[in-house]
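Keep in mind it's a predicted model, so treat the numbers as computed, not measured.
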Amino acid sequence: MSIRHGLLALLERGPRYGSRLRTEFESRTGSTWPLNVGQVYTTLSRLERDGMIVQDGSDDAGHDLYTITDDGRAELRNWFETPVDRTSPPRDELAIKLAMAVGAPGVDIRDVIQSQRHHTLKAMQDYTRLKAQALADVPANRDEVAWLLVVEQLIFQAEAEARWLDHCESRLVRLAEAAATEPADAPGPAAARGPDRTPAGRTRSKR
């Protein structure tokens, strides 16, 4: 997640100080990705070093204000216009967990899938409830609209994860069924003759 560009977007609306940026960032994203003040000021320091923002006086309460520069605006425009790169996707803990669970001694991957499915469906229900609350009244400002977009993305993400878990379970069932129906190894010549048959295939007479 680009905290850097999120702060630039907020500063484009006017000068801000650190704790206000933190509050507005969390308000815009519905506290989905909470920040601490240390993250905010570390990012501001780097933006200032890179010429994207400058300190520009202080407010009546003595808070240092930061203002976006022309370079910062150019960086922000480029961020908005450039698609998010999917060629190097971030590590997904769930995908790694299932990949490692396949064949792991003492681990029933079906239990892993079922446990995750329960958690994912509960999260999707919680997100859907939040969406319903947001739509109870028509969004009155851009912060409320932004939060609605974020919570809808979380719903779609949870739905996709639930479908993927169903697919994983179906895949494992098909593989298990295929393994169960594989023919046994063909018997060797001695086993084929059996103990009571001559090399010519005739049954020995019993005396």
Side-chain angles (χ1 to χ4, degrees), residues 1-7 9 22-23 25-40 42-43 79-80 82-137 139 143-195:
M1 182 192 59
S2 182
I3 300 173
R4 173 187 178 92
H5 293 100
L7 297 184
R22 172 196 175 193
T23 300
F25 184 97
E26 293 186 349
S27 176
R28 183 67 66 91
T29 60
S31 298
T32 303
W33 302 285
L35 299 179
N36 60 56
V37 173
Q39 284 178 292
V40 172
T42 297
T43 305
W79 182 58
F80 283 137
T82 303
V84 175
D85 185 14
R86 299 298 185 192
T87 57
S88 298
R91 293 182 182 88
D92 185 283
E93 183 178 355
L94 177 57
I96 294 172
K97 181 187 289 189
L98 293 189
M100 297 301 171
V102 174
V107 176
D108 188 335
I109 191 171
R110 293 169 298 180
D111 290 343
V112 178
I113 291 173
Q114 182 60 26
S115 176
Q116 183 64 43
R117 181 190 288 114
H118 176 77
H119 175 81
T120 300
L121 292 177
K122 182 180 183 304
M124 186 165 59
Q125 292 168 355
D126 292 340
Y127 296 146
T128 301
R129 191 177 303 111
L130 289 174
K131 177 182 176 181
Q133 293 172 358
L135 290 175
D137 298 315
D143 284 349
E144 292 181 2
V145 172
W147 162 231
L148 183 59
L149 295 178
V150 169
V151 77
E152 286 177 333
Q153 191 271 344
L154 294 173
I155 292 171
F156 292 143
Q157 191 175 54
E159 289 175 343
E161 183 170 285
R163 289 197 302 271
W164 179 66
L165 289 168
D166 290 342
H167 166 77
C168 290
E169 190 170 51
S170 297
R171 172 77 70 189
L172 291 170
V173 169
R174 290 196 298 271
L175 291 175
E177 290 174 346
T181 57
E182 286 182 358
D185 293 341
R193 286 201 307 269

Legend entry - Trace of the side-chain contact (heavy atoms from CB on, under 4.5 Å) decision for Leu165 with Gln114: CA-CA 8 Å; Leu165 289 168; Gln114 182 60 26; over 6 Å; no
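A salt bridge between Arg117 and Glu161 is absent, with no side-chain N of the basic residue lying under 4.0 Å from a carboxylate O of the acidic one. Taking 4.0 Å as the cut-off between side-chain N and carboxylate O, Asp126 and Arg129 count as a salt-bridged pair. Look at Lys131 and Glu152 and you find a salt bridge, because one of the NZ, NE, NH1 or NH2 atoms lies within 4.0 Å of a carboxylate O, short of that distance.
How far OG1 of Thr42 is from CG of Leu35: 11.0 Å, rounded to the nearest 0.5 Å. A distance of 11.5 Å separates OG1 in Thr43 from NE2 in His5, rounded to the nearest 0.5 Å. Between the CG atom in Leu130 and the CG atom in Leu135 there is a gap of 11.0 Å [rounded to 0.5 Å]. Separating the NE2 atom in His167 from the CZ atom in Arg171 is a distance of 4.5 Å, to the nearest 0.5 Å. Summarising the geometry, atom CG belonging to Leu121 is positioned 10.0 Å from atom CD belonging to Gln116; distances are rounded to the nearest 0.5 Å. Once rounded to the nearest 0.5 Å, the distance linking CG of Leu7 with CD of Gln39 reads 10.0 Å.
Residue Met124 comes nearest to Ala158 through the heavy atom pair CB-CB, 3.8 Å, listed as atom of the first residue, atom of the second, then distance. Scanning both residues, Ala9 and Phe80, for their nearest heavy atoms gives CB-CZ, 4.3 Å.
Glu144 pairs by the salt bridge (charged side-chain N to carboxylate O under 4.0 Å, His left out) definition with nothing, not counting sequence neighbours.
Leu172 is listed as a side-chain neighbour of Ile113, based on a closest heavy-atom distance under 4.5 Å. No side-chain heavy atom of Trp147 sits less than 4.5 Å from a side-chain heavy atom of Asp143. A heavy-atom distance below 4.5 Å is not found between the side chains of Trp164 and Thr120. In this structure the side chain of Trp33 reaches within 4.5 angstrom of the side chain of Val150, judged on heavy atoms.
Other residues, nucleotides and ligands contribute only 12 or fewer heavy atoms inside 6.0 Å of the NE2 atom of His118. Within 6.0 Å of the CZ atom in Arg174, the count of heavy atoms belonging to other residues, nucleotides or ligands exceeds 12.
Between the Ser170 side chain and the Asp166 main chain, a donor and an acceptor come within less than 3.5 Å of each other. Side chain of Ser115 to main chain of Asp111: no donor-acceptor pair is present (N/O by atom type, distance under 3.5 Å, no hydrogens or angles).
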